[in-house]
Q: 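Take a look at this one; I'll ask things after.
Per chain, numbering begins at 1; letters A, B, ... match sequence-line order.
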Protein chains: 2
Amino acid sequence: MLNTQVTSKQSPSVPTIKDVAKAAGCSTATVSRALATPEKVSDATRERVNQAIAQVGYAPNIAARNLRRAESKTIVALLPDISNPFFSEIISGMEDVAHQAGYQILIGDCEHDPARAEAYFRLLSTNQADGIVLLTSEIPKTLIKQADGQADGQADFPLVMACEFFSDIDLPLIAIDNHQASCQAIDYLVSLGHQRIATLTGPAGNPICLERLRGYRDTLSVHGLIDQVCVAEGDFSFRSGFQQGLALLDNAQRPTAIFCHSDEMAVGVLKAARQLDITVPGQLSVVGFDNIGLSEYCDPELTTISQPRNEIGQQAMQSLLHLLRGERVIRRQTLSSHLIVRKSTGRVSG
Amino acid sequence: MLNTQVTSKQSPSVPTIKDVAKAAGCSTATVSRALATPEKVSDATRERVNQAIAQVGYAPNIAARNLRRAESKTIVALLPDISNPFFSEIISGMEDVAHQAGYQILIGDCEHDPARAEAYFRLLSTNQADGIVLLTSEIPKTLIKQADGQADGQADFPLVMACEFFSDIDLPLIAIDNHQASCQAIDYLVSLGHQRIATLTGPAGNPICLERLRGYRDTLSVHGLIDQVCVAEGDFSFRSGFQQGLALLDNAQRPTAIFCHSDEMAVGVLKAARQLDITVPGQLSVVGFDNIGLSEYCDPELTTISQPRNEIGQQAMQSLLHLLRGERVIRRQTLSSHLIVRKSTGRVSG
DNA sequence: CTGAAAGCGCTTACAG
DNA sequence: CTGAAAGCGCTTACAG
């Protein structure tokens with residue numbers, strides 16, 4: 001007889017479903033059913049199987065189950081950059097729902113590298129992942145179109161976006177209304193008497209930033225301030241906030257308020273203001289975005305827009321689970337954001 | 001004939017090794033070998049197989065391979081709390097090495113919950129993970145002892161610790177010398193003329209905090225300041241830094257310097273000082289730990305201790321890979337930290 | 001309600 | 001260098 005058995009590392013080799021069947025005096029089929037569809041097994045048998053499982057210390061081999069069922073019970077959370085604390089609470093929300101449903105989450109950090117994103121998408125076709133929650137629009141769009149093409153219809157492709165989105169590809173989306181959030185921030189600044197209000201955006205072309213930018217322009221327009229539009233571009237980081245902050249502020253006609261598309265950029269702007277001896281909120285008001293933990297601890301504490309991050313994560317995972325069960329899904333779920341007023345904003349001086 | 005085939009979701013079903021074999025005119029065994037051990041296949045055959053792979057668009061089904069090889073090519077990175085940015089660069093380092101070797105990383109966020117830690121450990125026995133890099137000592141020790149018991153010897157258990165460690169369980173460890181780092185920070189504060197130096201630790205009993213505490217005491221002792229010992233306990237968070245900062249500073253005999261076991265706590269202390277109108281560094285010096293991105297952008301910029309986080313992640317993964325190959329591994333790798341002097345520390349006033 | 005048997009997609013010891 | 005065949009640990013349609 002051939003011996004092709006892979007030698008196990010453990011000396012007392014891990015118990016399999018066969019061992020349980022032997023101990024319970026039934027077939028492996030019955031053990032499998034007792035686990036997967038207990039209602040199809042008689043009470044007595046189910047009882048014996050459960051005892052046998054406890055006795056031999058059995059845990060199912062998930063790789064085998066996944067192979068047989070052609071699924072992986074794994075969901076990829078695709079992020080632009082894991083070091084941004086904005087994402088951690090979203091992932092917590094996703095995990096709550098996922099674990100409950102027997103799924104695990106694989107965090108895919110793209111690090112702004114298309115090759116990484118592609119590698120994570122490939123997990124779908126090799127059955128290593130069942131679905132993706134996409135938290136970045138910074139990936140090659142061809143990935144989605146290819147994937148989409150394979151599916152029967154749009155609705156069947158197990159991909160859900162959260163927070164970010166594409167302007168030209170319609171996918172199920174869970175996000176706040178970025179345009180409205182932006183309007184609210186600018187309205188507030190105008191109500192404080194500000195007229196020269198600049199905005200510091202994320203990467204050019206990022207759809208959520210374009211939405212926020214639109215809200216910024218629209219609101220200035222409403223207030224007859226459209227000629228005051230002043231836009232700088234950052235990348236959400238401390239560093240870009242600092243650099244662009246210097247550029248905006250080191251200037252006689254400098255703005256009296258800056259609306260930033262991330263809290264980290266706002267904190268960078270605070271540093272730029274300090275360096276130029278511009279007081280906040282005395283001479284400059286600063287608004288951030290996201291309400292990360294830091295925003296309560298920087299100086300001054302940051303006025304910012306809060307997104308329901310945990311809920312976004314939960315809903316995103318929920319929608320993906322629906323998709324995986326072949327159910328229809330709401331194409332667009334808009335959760336509400338709100339402005340949190342702290343100490344980095346004040347009435348315009350002079 | 002029975003039909004037990006699971007219906008695939010994709011209409012044109014995913015090509016398997018059989019399709020490649022057919023297209024190349026050889027057996028599946030040969031295709032498999034051309035992939036796994038190309039040197040065992042003739043040049044001509046290898047060429048035909050590669051063409052066939054490209055032609056049918058084949059990608060191996062990893063679940064099947066893993067089942068057969070009894071491995072998962074997955075490493076769990078077990079963290080206390082994913083929202084702490086300290087870990088992100090360590091994970092980057094791990095990923096670099098892991099991906100190169102064909103492994104993927106599953107981030108396990110324990111959220112200070114022992115049940116979560118246990119669930120991640122269980123992945124080892126169900127062949128869903130091949131090894132663990134443990135970045136927290138906040139897990140039930142029984143998990144490790146159980147696991148350890150199963151292995152032939154200590155050295156064979158695929159577990160490596162990074163940064164954190166246990167006082168009473170000897171596992172391969174990649175970390176800085178926390179005692180020495182602490183001595184360096186305190187020495188520096190003493191050299192600035194400080195005598196009343198407090199320390200704000202992480203959770204009581206955490207071995208790395210005990211090491212740092214020992215360094216603190218030893219250095220005060222050397223300088224004849226042992227009667228000045230003043231210890232407060234936090235949990236690494238902004239919030240605990242703020243609260244304990246208030247407690248330490250709202251006091252006539254307050255310290256002139258505080259050495260914190262994390263940057264986030266140091267930033268919390270900065271806020272407490274502001275609230276009490278205590279100037280930093282004029283009336284109070286503050287030192288953090290870890291050199292996270294924020295430490296350059298808070299006000300004042302933080303003097304802190306930098307750990308080579310990327311390198312720690314790389315070495316940890318490297319060691320784990322050695323272990324998985326059955327090779328011996330260095331039990332203790334100490335990487336060097338260094339003190340970064342910024343603006344939150346100064347000569348003692350008055 | 002239960003069992004025998006096929007099959008998921010690979011890998012590998014054996015025989016040639 | 002190559003192929004036939006067994007087997008990894010499950011699940012499930014079929015037959016009873």
Q: Rounded to the nearest 0.5 Å, how far does CZ of B:Phe87 lie from OG1 of B:Thr136?
A: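 Going from the OG1 atom of B:Thr136 to the CZ atom of B:Phe87 covers 7.0 Å.
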Q: Counting side-chain heavy atoms from C-beta on, which of C:dT11, D:dT2, D:dC10 comes nearest to A:Tyr58?
A: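 Closest nucleotide among those given: D:dC10.
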Q: D:dG9 C1' sits how many Å from A:Arg69 CZ, rounded?
A: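 Atom CZ in A:Arg69 sits about 13 Å away from atom C1' in D:dG9.
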Q: Quick check: do B:Lys73 and B:Ile62 have side-chain heavy atoms less than 4.5 Å from each other?
A: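 No - every pair of side-chain heavy atoms lies 4.5 Å or more apart.
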Q: If you measure from CD1 on A:Ile17 to CG on A:Leu35, what distance do you get to the nearest 0.5 Å?
A: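 Output value for this atom pair is 7.0 Å.
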Q: Is there a donor-acceptor contact under 3.5 Å linking the side chains of A:His99 and A:Gln104?
A: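 No, no side-chain donor-acceptor pair sits under 3.5 Å.
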Q: In whole angstroms, how far is the P atom of C:dG3 from the NZ atom of A:Lys18?
A: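 It is 16 Å, rounded to the nearest whole Å.
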Q: Can you pull out the residues from residues 30-40 of chain B that lie within a 4.0 Å heavy-atom distance of DNA chain C?
A: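 B:Ser32, B:Arg33 - these, ordered by number, are the residues of the stretch whose heavy atoms sit under 4.0 Å from the strand.
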Q: Expressed as a whole number of angstroms, how long is the span from A:Lys73:NZ to D:dC10:C1'?
A: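 Roughly 15 Å, once rounded to whole Å.
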Q: Looking only at heavy atoms, which two atoms of A:Pro15 and A:Tyr58 are closest? And how far apart?
A: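 Scanning both residues, the minimum pair turns out to be O-CD1, 3.5 Å.
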Q: Could you please name the option among C:dC8, C:dT2, C:dT11 that lies closest to any side-chain atom of A:Arg68?
A: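 Among the listed nucleotides, the one closest to the side chain of A:Arg68 is C:dC8.
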Q: Do any side-chain nitrogens or oxygens of A:Thr28 fall under 4.0 Å of OP1 or OP2 in C:dG3?
A: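 Checking A:Thr28 against C:dG3: no side-chain N or O falls below 4.0 Å of OP1 or OP2.
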Q: Nearest whole Å is fine: how far is C:dC10 P from B:Glu71 CD?
A: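 My rounded result for the distance is 15 Å.
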Q: Using the P atoms only, state how far D:dT11 lies from D:dA15, rounded to an integer number of Å.
A: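 The answer is 22 Å between these two P atoms.
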Q: Kindly say if A:Thr16 contacts the phosphate of D:dG9, meaning a side-chain N or O under 4.0 Å from OP1 or OP2.
A: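 For A:Thr16, the contact criterion (side-chain N or O under 4.0 Å from OP1 or OP2 of D:dG9) is not met.
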Q: Can you tell me the Watson-Crick or wobble partner of C:dC14, both distances under 3.5 angstrom?
A: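 C:dC14 is paired, partner D:dG3.
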Q: Without decimals, in angstroms, what is the distance between A:Lys22 NZ and D:dC10 P?
A: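 The answer, rounded to whole Å, is 14 Å.
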Q: Nearest whole angstrom, please: distance from the C1' of C:dT2 to the CD of A:Glu47.
A: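 Distance, rounded to whole Å: 18 Å.
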Q: Say whether A:Ser92 and B:Glu111, considering side chains only, have a donor N or O and an acceptor N or O under 3.5 Å apart.
A: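 Present: a donor and an acceptor within the cut-off.
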Q: Can you work out whether B:Leu67 or B:Ala29 has the more 5'-proximal nearest nucleotide on DNA chain C?
A: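 Nearer the 5' end of the strand: B:Leu67.
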Q: Taking only the side-chain heavy atoms of B:Ile17 (C-beta and beyond), determine which of D:dG3, C:dT2, C:dC10 contains the nearest atom.
A: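 From the listed options, C:dC10 comes nearest.
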Q: C:dC10 C1' sits how many Å from A:Asn127 CG, rounded?
A: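 Going from A:Asn127 (CG) to C:dC10 (C1'), I get 13 Å.
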Q: Would you measure the distance from the P atom in D:dG9 across to the matching atom in D:dA13 and give it in whole Å?
A: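 My reading of the P atoms in D:dG9 and D:dA13 gives 23 Å.
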Q: With A:Leu123 as reference, evaluate A:Val76, A:Asp130, A:Thr74 under the side chain to side chain contact (heavy atoms under 4.5 Å, CB included) test and give the passing residue.
A: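 With A:Leu123 as partner, side chain to side chain contact (heavy atoms under 4.5 Å, CB included) holds for just one option, A:Val76.
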Q: Please state the P separation for the pair C:dA5 and C:dC1 - nearest whole angstrom.
A: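 Comparing P positions in C:dA5 and C:dC1 gives a spacing of 23 Å.
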Q: Nearest of D:dC1, D:dT11, C:dT11 to any side-chain atom of B:Ser42?
A: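 So the nucleotide nearest the side chain must be D:dC1.
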Q: Between C:dT11, D:dC1, C:dG3, spot the one nearest the side chain of A:Ser27, thanks.
A: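 Within the option list, the nearest is C:dG3.
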Q: If you compare every side-chain N and O of B:Arg65 against the phosphate oxygens of C:dT11 (OP1, OP2), does one of them come in below 4.0 Å?
A: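 Answer is yes, contact under 4.0 Å.
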Q: When you look at B:Phe166 and B:Leu173, which way does the side chain to side chain contact (heavy atoms under 4.5 Å, CB included) test go after all the steps?
A: CA-CA 10 Å; B:Phe166 297 106; B:Leu173 169 66; over 6 Å; no
